[in-house]
Amino acid sequence: MSARTFLTTGKKIVAIGRNFSEHAKELGNAVPKSPFFFLKPTSSYVANGGTIEIPAGCDVHHEIELAVVMGKETRDCPASEAMDSVAGYALAIDCTARNLQIEAKKKGLPWSAAKGFDTFTPISEFVPKDSFTDTNDIDLWLKVNDKFRQQGNTKDMIFKIPSLIEYVSSIMKLEVGDVLLTGTPAGVFSMKHGDVVTAGMKPGKAEKDVVTLKLDVADRKGLYKHTSE
């Protein structure tokens, strides 16, 4: 199994929450003192050029993120050795049905539905590890209909990649092709039917993006319909 085929062979998506302080604040959340994460199903992946589907009754927000693609089985890995387990990277959008998440949080319930709909993890192709010499200086941007919504840099992460890998691997084994979503900068907002979402990332001092994403947004046709409680 190769990490390059993570889109079809990876077993899990581990998503770090509130890893940029300004994003935590914009949602009225406390800035965490230690990492926390939630899981997303790999069935939520949608490749570049695809369509983000908006379920009926859902207020779906975009969250642009650096994705770390694991290259080997990793368990109880100290931060000092963590980068040896990284095969490469990808650019991802963690889509969130915000109204579902808010209701779940109020009830103390999991976020699985809010984060796990089909097409709720748009993701780029595999980006080789040597594309970035400093993971603490990666620019991330996202536009909706050619207007900037999110612009950030990984230097503002509260917990850096090695610490995240140490923390997660102390709880659950990370396997080849698993993806770690490392958090989103401020600027998250709603998407609607007919929108076009574009995004990119590059080394902080570079002029050209290493990878980009472009996705359409459309209403989902199906059985699900959310009714506010």
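Just so you know, these numbers use all the heavy atoms, side chains as well, and skip hydrogens, waters and symmetry mates.
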Hey, is the main chain of [Y] close enough, under 3.5 Å, to the side chain of [X] for a donor-acceptor pair?
X	Y	result
Asp195	Lys192	yes
Lys160	Lys155	yes
Gln150	Pro185	yes
Thr96	Lys115	no

Please list all pairs passing the salt bridge (Lys or Arg N to Asp or Glu O under 4.0 Å) test where one or both residues lie in residues 49-60, with sequence neighbours left out. none
Any salt bridge (Lys or Arg N to Asp or Glu O under 4.0 Å) involving residues 141-151? Give me the pairs, sequence neighbours left out, ordered by first then second residue. Lys143-Asp146
Rounded to the nearest 0.5 Å, what separates atom CG in Leu215 from atom OG1 in Thr119?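 So the gap between those two atoms works out to 9.0 Å.
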May I ask you to test the [X]-[Y] pair for a side-chain heavy-atom distance under 4.5 Å?
X	Y	result
Ile16	Leu180	yes
Leu100	Cys58	yes
Asp216	Val196	yes
Met201	Asp139	no
Phe6	Ile123	yes

For [X], enumerate each residue passing the ring pair (Phe, Tyr, Trp, His ring centres under 6.0 Å) test, keeping only those at least two apart in sequence or located in another chain.
X	answer
Phe159	none
Phe189	none
Phe132	Tyr89

Could you check Asp94 against Phe38 for side-chain contact (heavy atoms from CB on, under 4.5 Å), going step by step and ending with a plain yes or no? CA-CA 12 Å; Asp94 174 20; Phe38 52 91; 3.6 Å; yes
Test side chain to side chain donor-acceptor pair (under 3.5 Å) applied to [X] - qualifying residues, sequence neighbours left out:
X	answer
Thr42	none
Ser44	Thr121
Thr182	none

Stepwise side-chain contact (heavy atoms from CB on, under 4.5 Å) test for Leu213 and Ile93: CA-CA 9 Å; Leu213 284 172; Ile93 303 172; 4.1 Å; yes
Members sharing Trp141's hydrophobic cluster, built from side-chain contacts under 4.5 Å between Ile, Leu, Val, Met, Phe, Trp and Tyr, are Phe148
Listing request: all ring pair (Phe, Tyr, Trp, His ring centres under 6.0 Å) pairs with a residue in residues 190-225, at least two apart in sequence or in separate chains.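 For residues 190-225, and leaving out neighbouring residues, the ring pair (Phe, Tyr, Trp, His ring centres under 6.0 Å) pairs sorted by first residue read Phe117-Tyr224.
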Please check if Leu142 and Val60 belong to a single hydrophobic cluster, counting links between Ile, Leu, Val, Met, Phe, Trp and Tyr side chain heavy atoms closer than 4.5 Å.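 Linked within one cluster.
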Could you list all the side-chain hydrogen bond (donor to acceptor under 3.5 Å, both in side chains) pairs where at least one residue sits in residues 164-181, not counting sequence neighbours? Lys11-Glu175, Lys12-Asp178
Hey, mind stepping through Asp137 and Asn153 against side-chain contact (heavy atoms from CB on, under 4.5 Å) and telling me if it holds? CA-CA 6 Å; Asp137 186 19; Asn153 186 287; 2.9 Å; yes
Do you know which two heavy atoms are closest between Ala47 and Leu7, and how far apart they sit? CB-CD2, 4.0 Å
Closest approach of Gly187 and His62, non-hydrogen atoms and distance?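 Gly187 and His62 have their closest heavy atoms at O-CE1, 3.4 Å.
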Cut-off 3.5 Å, no hydrogens considered: what does the side-chain donor-acceptor table look like for residues 73-85, sequence neighbours left out?
unit_1 : atom_1 : unit_2 : atom_2 : d
Thr74  : OG1    : Lys72  : O      : 2.9
Thr74  : OG1    : Ser85  : OG     : 3.0

With Gln101 as partner, the option from Lys105, Glu103, Arg98 fulfilling side-chain hydrogen bond (donor to acceptor under 3.5 Å, both in side chains) is Arg98
